[in-house]
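I have placed the structure first, in the form of structure tokens, so that the comments after it can refer back to it.
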Amino acid sequence: MSNEVKSEVKQGKKIDLEYQGYVFLGWASGMFQPDNGKEKRPYHNMYVFSPVSTFESEDYKASGFKAEKKKCVNPDVWRSLTPGDKVRLFFDDKGRVIESALDE
């Protein structure tokens with residue numbers, strides 16, 4: 001994350017601990033070489049915070065947020081997002097993000 005983005009996040013964005021949706025953190029996009037040696041293929045990933053499960057048991061208890069990497073169909077999914085934005089994500093049948101929208 002660039003210093004400019006870090007500064008913007010520090011100045012105006014705070015994670016709302018009561019929020020039960022996704023918080024956009026950033027993205028990565030490029031080409032990768034599959035292990036099978038075939039030609040390079042594109043990848044598009046976004047990184048988000050999401051609430052942890054509220055499930056509790058004798059052996060397990062969690063609170064707060066977890067960081068997740070979400071596969072995206074293309075980089076347009078995050079074009080209008082800024083790190084720290086609360087977002088709604090829409091998925092295809094393969095679990096890839098196909099669209100996002102600000103959730104405020």
For this session: Please tell me if the side chains of V97 and F91 come closer than 4.5 Å, counting only heavy atoms from C-beta onward.
Result: yes
Problem set entry | Close side-chain approach of L102 to L81, heavy-atom, < 4.5 Å | yes
For this session: Give a yes or no on whether D35 atom CG has more than 12 heavy-atom contacts from other residues, nucleotides or ligands under 6.0 Å away.
Result: no
Exercise. If you take all heavy atoms of Y22 and V48, which pair is closest and at what distance?
Worked result: CD2-CG2, 3.6 Å
For this session: Report the distance from atom CG of N74 to atom CD of E99, rounding to the nearest 0.5 Å.
Result: 10.5 Å
Exercise. Atom CZ of R41 and atom CZ of F32: how far apart are they, to the nearest 0.5 Å?
Worked result: 4.5 Å
For this session: Check P51 against G21 and note the closest heavy-atom contact, atom names and distance.
Result: CD-O, 3.3 Å
Exercise. Which heavy atom of V52 sits nearest a heavy atom of F65, and at what distance?
Worked result: CG1-C, 3.7 Å
Exercise. With side chains defined as the heavy atoms from C-beta onward, is the minimum distance between P75 and W27 less than 4.5 Å?
Worked result: no
Exercise. Backbone N or O of D85 within a donor-acceptor pair of the T82 side chain at under 3.5 Å?
Worked result: no
Seminar exercise, completed: Interatomic distance, OG@S29 vs CE@M46, rounded to 0.5 Å, equals 11.5 Å
Exercise. Tell me, do D92 and V73 make a side-chain contact under 4.5 Å, heavy atoms counted?
Worked result: yes
Problem set entry | Under 3.5 Å: donor-acceptor pair, side chain of S100, backbone of V77 | yes
Seminar exercise, completed: Note: F90 and A101 closest approach over all heavy atoms is CE1-CB, 4.2 Å
Problem set entry | Separation of I98 CD1 from K71 NZ (nearest 0.5 Å) | 16.0 Å
Seminar exercise, completed: The reported gap from CH2 in W78 to CG in N45 (rounded to nearest 0.5 angstrom) is 7.0 Å
Seminar exercise, completed: d(Q33 CD, M31 CE) to nearest 0.5 Å is 9.0 Å
